[in-house]
Amino acid sequence: MDLHDLTAAYALDALDASEAEAYERHLAQCEQCRARLAELGEPVAALAFGSVAPAPPPRLRTAILEAAAAERSNVVPLRRRRWAVRAGALAAAAAACVVVGLAVSLTQSNGKRLVSAVVVLRPNGNATLRVGGLTAAPSGKTYEVWVIPAGGRPRPAGLFAGGAATVRLRGTVPQHGVVAVTLERAGGVSSPTTSPVVSAQT
Amino acid sequence: MNRQLAHLSDEALVLLAARSEQSALAELYDRYGRTAYGLALRVVRDPALAEDVVQDAFLAVWRSAPTFVPERGKASTWILTLVHRRAVDVVRREQRRRADSLERAPEPVAEGVVEDAWLRLQRERVQSALRRLPDAQREALELAYYGGFSQSELAERLGQPLGTIKSRMFAGLSRMRELLGDPGTEMSWTSTT
């Protein structure tokens, strides 16, 4: 069986379970098939629009949102689950520094990037957070940076006002931890009270 | 309906969903729930099963949003792939019922269904592209995608060698890609609010 030939059938979900498994193993090693599969993904998804779609019953929307809410808070306590989320990662080496995390890159439909954040980690464990595109903190509020070691509690690591900022983080940043930013009352707090606007794994 | 997120791209919504933003999941459902349900219904041919499929797929979106990689493809493609895969799994589990009902279950008709103007446009565009395919290619794509048949089942059903089925599916999808890629017919989500 030539696995390259299975790309269209795989894209259409027209392989049986064992064929699909074999093809997925092949896919992991074949860049050509990955590229072809990406190309065929669009016309396949277009077929989804080819049927007349009656409106689903409104209860379906409610059921999905309720199940999603129940599920996410069941996995682990909500706060910890949120902290564990990684929105994206970028690894790059620059001179003596390592860029360890590109936290969030939200784009609007016009392609404009809303928020970006990069953590630069020095070999001695000191770190800098560069943020761009955050709106200025409202009056009476500040952005607060947190360093969370794996399995540990958030530790306050600095404050900034928003916009484009470079923040030298207090203390050292461990590997396999998380750097996150929340909006807090002016002056900062000792543990986070809102969910992160930005978070990155280190 | 909360449309505060209506200005965000699908991909941005998935990133927000990855951070447990429920309103982002709601917005994705408002954009693709109907298409997802229509697709599931056409494949599984049973409203209750179609609801299960759509619910299961959107929960998969919620669960696996942190693993979505925008560089690999559009969010809408990803979501509809999750829907289709589940629908096909269901229909294959229900083999007997499907064999029984395929011929008698016609494609749903637009009559009596109030369609969003944008959805109608997309449907007409896809159907017109399908009509421009050679019959054999269109048949292979429709039976595989809407019928949930595997390539081996198709070969048997159509009395053709497996190799022929594979090349029809590949040629059909490649041609669809060209037809849908024509300038002026670019498919993209447009806010309806």
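Each chain gets a letter, A, B and so on, in the order its sequence line appears, and its residues count up from 1.
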Item checked: Smallest separation among heavy atoms of A/Leu15 and B/Gln151, with atom names -> CD2-NE2, 3.4 Å

Check: Heavy-atom distance under 4.5 Å to chain B: side chain of A/Arg59, backbone, both or neither?
Finding: side chain

Next item on the list: Answer yes or no: does atom CZ of B/Arg86 have more than 12 heavy-atom neighbours from other residues, nucleotides or ligands under 6.0 Å?
Entry: yes

Item checked: Contacting moiety of B/Ile165, where chain A heavy atoms sit under 4.5 Å -> neither

Checklist line | Nearest non-hydrogen partners of B/Tyr146 and A/Ser51, listed with the distance | finding: CE2-OG, 3.8 Å

Next item on the list: Search all heavy atoms of A/Glu19 against all heavy atoms of B/Ser152 and return the closest pair with its distance.
Entry: OE2-OG, 3.9 Å

Next item on the list: Verify the neighbour count for atom CZ of A/Arg34: are there more than 12 heavy atoms of other residues, nucleotides or ligands below 6.0 Å?
Entry: yes

Checklist line | Contact summary for A/Ala48 and B/Leu39, nearest pair of heavy atoms | finding: CB-CD2, 3.8 Å

Checklist line | Separation between OG1 of B/Thr77 and CG of A/Leu40, rounded to the nearest 0.5 Å | finding: 11.5 Å

Item checked: Residue selection (most heavy-atom pairs with chain A, distance under 4.5 Å) from B/Thr35, B/Leu154, B/Leu80 -> B/Thr35

Checklist line | A/Arg61/B/Asp30 under side chain to side chain contact (heavy atoms under 4.5 Å, CB included): CA gap, chis, key distance, verdict | finding: CA-CA 8 Å; A/Arg61 184 181 195 271; B/Asp30 292 338; 2.7 Å; yes

Next item on the list: Could you pull out the closest heavy-atom pair between A/Asp16 and B/Ser150, with the gap in Å?
Entry: N-CB, 4.5 Å

Notebook entry, point to check: Backbone N or O of A/Ile64 within a donor-acceptor pair of the B/Gln55 side chain at under 3.5 Å?
Noted result: no

Check: Which atom pair, heavy atoms only, marks the closest approach of A/Leu65 to B/Gln22?
Finding: O-OE1, 3.4 Å

Note to self: Do B/Leu41 and A/Pro54 have side chains that approach each other closer than 4.5 Å (heavy atoms only, starting at C-beta)?
What the structure shows: yes

Next item on the list: Look at atom CD of B/Gln160 and say whether more than 12 heavy atoms of other residues, nucleotides or ligands are closer to it than 6.0 Å.
Entry: yes

Check: Is the NZ or CZ atom of B/Arg85 positioned over A/Tyr10's six-membered ring, under 6.0 angstrom from the centre and within 45° of the axis?
Finding: yes

Item checked: Residue pair A/Leu47, B/His84: steps toward the side chain to side chain contact (heavy atoms under 4.5 Å, CB included) verdict -> CA-CA 10 Å; A/Leu47 289 172; B/His84 187 257; over 6 Å; no

Checklist line | N/O donor-acceptor pair under 3.5 Å between B/Arg34 side chain and A/Ala53 backbone | finding: yes

Note to self: For A/Leu12, run the side-chain contact (heavy atoms from CB on, under 4.5 Å) check against B/Val88, B/Leu143, B/Leu173 and tell me which one passes.
What the structure shows: B/Leu173

Check: Quick one: of B/Arg175, B/Met169, B/Glu124, who has the most non-hydrogen atom pairs under 4.5 Å with chain A?
Finding: B/Met169

Next item on the list: Please determine, among B/Ser76, B/Ala26, B/Gly33, the option with the most heavy-atom pairs under 4.5 Å with chain A.
Entry: B/Ala26

Note to self: So for B/Phe170, is it side chain, backbone, both, or neither that comes closer than 4.5 Å to the heavy atoms of chain A?
What the structure shows: both

